[in-house]
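Here is how names work: the chains are called A, B, and so on, in the same order as the sequence lines, proteins then strands, and each is numbered from 1. Everything numeric here is computed off the predicted structure, so don't read it as measured data.
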2 protein chains.
Amino acid sequence: MSHVPGMIQSIERSSAVLRLLAADPDRLRVKEVADALGLPKSTAHSILRTLEHVGFVEQDPRTARYRIGRGLLDLGTAGIDANELRGRALNWADTLAARSGEEVRLGVLRDGLVLVVHHVFRPDDSAQDLDTGVRLPAHATALGKVLLAYSATAAAPAGGLDAYTRRTVTAREPLAVELAAIRARGWGLSAEEWRPGLAGIAAPVRTSGGLVVGAIGIAGPVERLTDTRRQARPALVEQVVAAARSISREVQS
Amino acid sequence: MSHVPGMIQSIERSSAVLRLLAADPDRLRVKEVADALGLPKSTAHSILRTLEHVGFVEQDPRTARYRIGRGLLDLGTAGIDANELRGRALNWADTLAARSGEEVRLGVLRDGLVLVVHHVFRPDDSAQDLDTGVRLPAHATALGKVLLAYSATAAAPAGGLDAYTRRTVTAREPLAVELAAIRARGWGLSAEEWRPGLAGIAAPVRTSGGLVVGAIGIAGPVERLTDTRRQARPALVEQVVAAARSISREVQS
DNA sequence: CGGCACGTGCGACATTGTCGCACGCAGGCC
DNA sequence: GGCCTGCGTGCGACAATGTCGCACGTGCCG
């Protein structure tokens, strides 16, 4: 707790306060925080007031007690950056492409769109565009729907949802139902919702706490990815889910 | 960005820095942070140095760039406190007890132990102890193993693992395998690992981002919870998982 | 109804964070 | 290969800023 020269005292203290609040599942009173850290009441109060102002702690209006705020949760989500995710996923993405025979994309959610951070071509043929860096609509792709399903910050983008094909889900309610289904079974499907004739199957990549930080998926012709009843082929689903799980394991270090 | 009187300036600035780093998936240089916030280079550097010291940001040793640190992720986990979780779970816990015919416990991980925050008696008979507030070992109970499986902070407690029955898993490696299996299927079983003759089935409660903040489970005689091959009865598993999912939905607000 | 303890706010002091400047190093361009 | 630009880092002085003591008001318990 002592002061390390060259470090900003008030930030060190804020960190101690946050750790204290995080360690205790109950809300804490100003006095308790002050005593635990050996600070004067006013100082602790001043720090808590500021932390509340920036959204890192919340105060119960009735009991006046403080607890960790929701703002911190959103910040942690970005703990893994896209590059790190990409690095860990490289081998597994290649394996998935080889096993499934389809092209593979790895994406993260950014500003309500899917940012493709990695792209592996379909093994057999050649004429394909490199999609790395491209942004895809979230509500019309398998990758995007998986990311939306587990997104901490409010679901879909604020504006209206564009229709890309006649199968694109643009209404709020059906989309919410679909996202719930994805959460329930752990993977997502998009069949001709983005481009006619194309389908995708995707699954979430999680970090240690179970937080979803990205998604990996395959894309290809509808007839190869789905059966005659437009259901995803179980063998492919299993491959995608297995790849996502492997990457999740890699990320946890 | 401007200074609000009564607020601690350096903490406001730290918050801005963290938000900036969180918003950008790439690592940022000192100069970029300084320019974005309109601060002198030295000031930004001083703040970043302190944030790194407390573990809120990390610096790549090679490129000298900064990104959000892993310490923040752990803090967000405690965003939901035990009381709030309990409040949201009350009705679903009762329903689960009624449908399954077994007693129900709701727990959170605290200091490497399971803290029971809610307890519903078995519907039929009466002579039972109220377990609310009790702490259970994490590695020997279904609730605990589920919580460990999704725990952000390093798995089991540091010390040796106690054996309560001859079925208690005390070795690191088998336990890690078991936790991986729980992550894969989404629920956990403990059969006579804590008390002879007793078994438990539990599933995780997740918050918006998919972060596990607690677990709910049923407990009862082995012969009622498992079949002749010591496998959990699918009907009961389904009920527990459904309850956990319902509570997870409640928590996301 | 009285007393205590807590959250909150204000103001003065001096401690502390801020800012300007300079060093050393790495990368890129010529 | 050498020069030069631009960056990260560290130091020091100033004064702006955070800290602390004190006092008010309120809610709770006895």
Side-chain angles (χ1 to χ4, degrees), chain A residues 1-22 24-69 81 83, chain B residues 1-22 24-69 81 83:
Chain A
M1 209 102 323
S2 53
H3 179 59
V4 181
M7 300 298 167
I8 299 175
Q9 192 185 48
S10 55
I11 298 182
E12 285 183 311
R13 289 175 167 176
S14 303
S15 145
V17 168
L18 289 174
R19 262 178 244 283
L20 196 66
L21 289 177
D24 208 305
D26 300 322
R27 291 162 213 209
L28 290 179
R29 354 178 94 257
V30 174
K31 183 86 189 322
E32 293 172 317
V33 173
D35 289 349
L37 272 55
L39 295 175
K41 247 193 325 176
S42 336
T43 305
H45 181 251
S46 177
I47 293 174
L48 282 168
R49 194 193 327 143
T50 307
L51 287 175
E52 187 199 7
H53 181 246
V54 299
F56 285 3
V57 307
E58 289 169 8
Q59 185 181 31
D60 188 306
R62 284 196 325 103
T63 65
R65 295 178 183 221
Y66 294 88
R67 67 161 190 191
I68 288 285
D81 70 25
N83 292 327
Chain B
M1 203 112 319
S2 54
H3 179 58
V4 180
M7 301 296 167
I8 300 175
Q9 191 185 48
S10 57
I11 298 182
E12 284 182 312
R13 288 176 168 176
S14 303
S15 145
V17 168
L18 290 174
R19 263 178 242 283
L20 196 66
L21 289 177
D24 207 307
D26 300 324
R27 290 161 216 215
L28 290 179
R29 354 178 94 258
V30 174
K31 182 88 189 325
E32 293 172 319
V33 173
D35 288 348
L37 272 55
L39 294 174
K41 246 192 325 175
S42 327
T43 306
H45 181 251
S46 178
I47 293 173
L48 282 168
R49 196 198 321 148
T50 308
L51 286 175
E52 188 199 6
H53 181 247
V54 299
F56 285 2
V57 308
E58 289 170 8
Q59 185 181 29
D60 188 305
R62 283 197 327 102
T63 65
R65 295 178 184 221
Y66 293 88
R67 66 157 192 197
I68 288 284
D81 71 23
N83 293 326

Asker: Going 5' to 3' through nucleotides 4-12 of chain C, assign each nucleotide B (protein heavy atom under 4.0 Å from a base atom), S (under 4.0 Å only from sugar-phosphate atoms) or - (no protein heavy atom that close).
Answerer: --SBBB---
Asker: Distance check needed: dC7(D) P versus D60(B) CG, whole Å only.
Answerer: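 That distance rounds to 18 Å.
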Asker: Is any side-chain heavy atom of R19(B) closer than 4.5 Å to one of V54(A)?
Answerer: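 Yes; the side chains approach each other to less than 4.5 Å.
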Asker: Quick one: CG on L37(A) to OG1 on T43(A), what's the gap to the nearest 0.5 Å?
Answerer: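 Result: 11.0 Å between the selected atoms.
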Asker: For atom P, what is the distance between dG11(C) and dT15(C), given to the nearest Å?
Answerer: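 Going atom to atom, P in each nucleotide, I get 22 Å.
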Asker: Quick check for you: to the nearest 0.5 Å, what is the distance between R67(B) atom CZ and L28(B) atom CG?
Answerer: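 If I round to the nearest 0.5 Å, the distance is 12.0 Å.
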Asker: Across the strands shown, which category fits T43(B) at heavy-atom distances under 4.0 angstrom: base, sugar-phosphate, nothing?
Answerer: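 Base contact - T43(B) has a heavy atom under 4.0 Å of at least one base atom.
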Asker: Could you tell me the separation between the CE atom of M7(B) and the C1' atom of dA16(D), rounded to a whole number of Å?
Answerer: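 Whole-Å distance recorded here is 18 Å.
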Asker: Among E32(B), R29(B), H45(B), which residue satisfies the side chain to side chain contact (heavy atoms under 4.5 Å, CB included) criterion with Y66(B)?
Answerer: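 For Y66(B), the side chain to side chain contact (heavy atoms under 4.5 Å, CB included) check succeeds only for H45(B).
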Asker: Rounding to a whole Å, what distance do you find between L48(B):CG and dT18(C):P?
Answerer: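 Rounding to the nearest Å, CG of L48(B) and P of dT18(C) are 12 Å apart.
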Asker: E12(A) has an atom CD; how far is it from atom C1' of dT19(D), in whole Å?
Answerer: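 Atom CD in E12(A) sits about 15 Å away from atom C1' in dT19(D).
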Asker: Can you tell me the distance, in whole Å, between the CD1 atom of I8(A) and the C1' atom of dG17(C)?
Answerer: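 Going from CD1 in I8(A) over to C1' in dG17(C) covers 6 Å.
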Asker: Report yes if some heavy atom in the side chain of F56(B) is under 4.5 Å from a heavy atom in the side chain of I11(A); otherwise report no.
Answerer: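 Side-chain contact under 4.5 Å: no.
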Asker: Could you state the CD1-P distance from I47(B) to dT9(D), rounded to the nearest angstrom?
Answerer: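 So the two atoms are 15 Å apart, to the nearest Å.
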Asker: Using whole Å, report how far CZ of R13(B) lies from P of dT17(D).
Answerer: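 From R13(B) CZ to dT17(D) P: 8 Å.
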Asker: How long is the gap from CD1 on I8(A) to CD1 on I8(B), to the nearest 0.5 Å?
Answerer: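 Between atom CD1 of I8(A) and atom CD1 of I8(B) there are 12.0 Å.
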